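Data block below; observations after.
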Amino acid sequence: MNIFRLFGDLSHLAAIAILLLKIWKTRSCAGVSGKTQLLFAVCFITRYIDLFLHFVSLYNTEKVMKLIYISASVFTCYLIFFKFKATYDGNHDSMRAEFLIVPAAGLACLINTKFDAIEILWTFSIYLEAVAILPQLFLISKTGEAETITSHYLFAQGSYRALYILNWIYRYHYESHVDTIAIVAGVVQTILYCDFFYLYITKVVKGQKIVLPA
Amino acid sequence: SFPKGEHDEL
């Protein structure tokens, strides 16, 4: 474990917590893409499928974190699609998730390190995570604005994988560890946030709201 | 704690 990966995981936890708090406190999921949250839940379940396959003795933080990610993302989906369904902005959350899931699944079958079920699921989860934020970014572009709290959520969510890139550089240099698939997908994922990062840093940090087109 | 080749990150 290195500082970059630690802060990456903390940033990821913060993002999940910020979103849960926003929905719970405001009792509304306005401005939040339910599809993105569904895709994240699918990512966690397919990536941590080993938790379900053999008994999980909660003997280390890794297992606990995986269970937190899975339960928090499923709970977030429950809040969006059931509890606060009335506030779900389905009209603007209109990006076709199938256009993300099918290519990720296809690519996972073509480009992977080992053609076995667990590895294919892991690879699918990595590819899907890289594009899972697109429905959320699409929704913001359709509504033309993002609540400040949602901007903080996106900043934390984007920073998590950006910090993981630093972690991969660190591990390549000090542990000569390379996980090419995760690195390529992580770079693509972080690039998708660049536009938002620019808006966040030039606007939200100064107390302004993000309004599109910028 | 992961056998070599396993993915040891979240």
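Keep in mind the model is a prediction, meaning the values are calculated, not measured. What you see below is based on every heavy atom in this structure, not just the backbone, and it leaves out hydrogens, waters and symmetry mates. We name chains A, B, ... by the order of the sequence lines, and we start the count at 1 in each one.
- Shown here are the ring pair (Phe, Tyr, Trp, His ring centres under 6.0 Å) partners of Tyr170(A), two or more places apart in sequence or in another chain: Tyr174(A).
- Within the 4.5 Å cutoff, the side chain of Tyr69(A) has heavy atoms near those of the Met65(A) side chain.
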In residues 186-199 of chain A, what donor-acceptor pairs under 3.5 Å come from side-chain atoms, sequence neighbours left out?
residue, atom, partner, partner atom, Å
Gln189(A), NE2, Glu129(A), OE2, 3.3
Thr190(A), OG1, Gly186(A), O, 2.8

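- For Gln136(A), there are no side chain to side chain donor-acceptor pair (under 3.5 Å) partners at least two apart in sequence or on another chain.
- The contact list for residues 4-23 of chain A toward chain B, using heavy atoms and a distance under 4.5 Å, reads Arg5(A), Asp9(A) by residue number.
- Checked against a 6.0 Å centroid threshold, the rings of Phe84(A) and Tyr88(A) do not count as neighbours.
- Of the two parts of Tyr48(A), only the side chain, counted from C-beta on, holds a non-hydrogen atom closer than 4.5 Å to a non-hydrogen atom of chain B.
- A 4.5 Å side-chain heavy-atom check between Asp179(A) and Glu9(B) finds every atom pair outside the cut-off.
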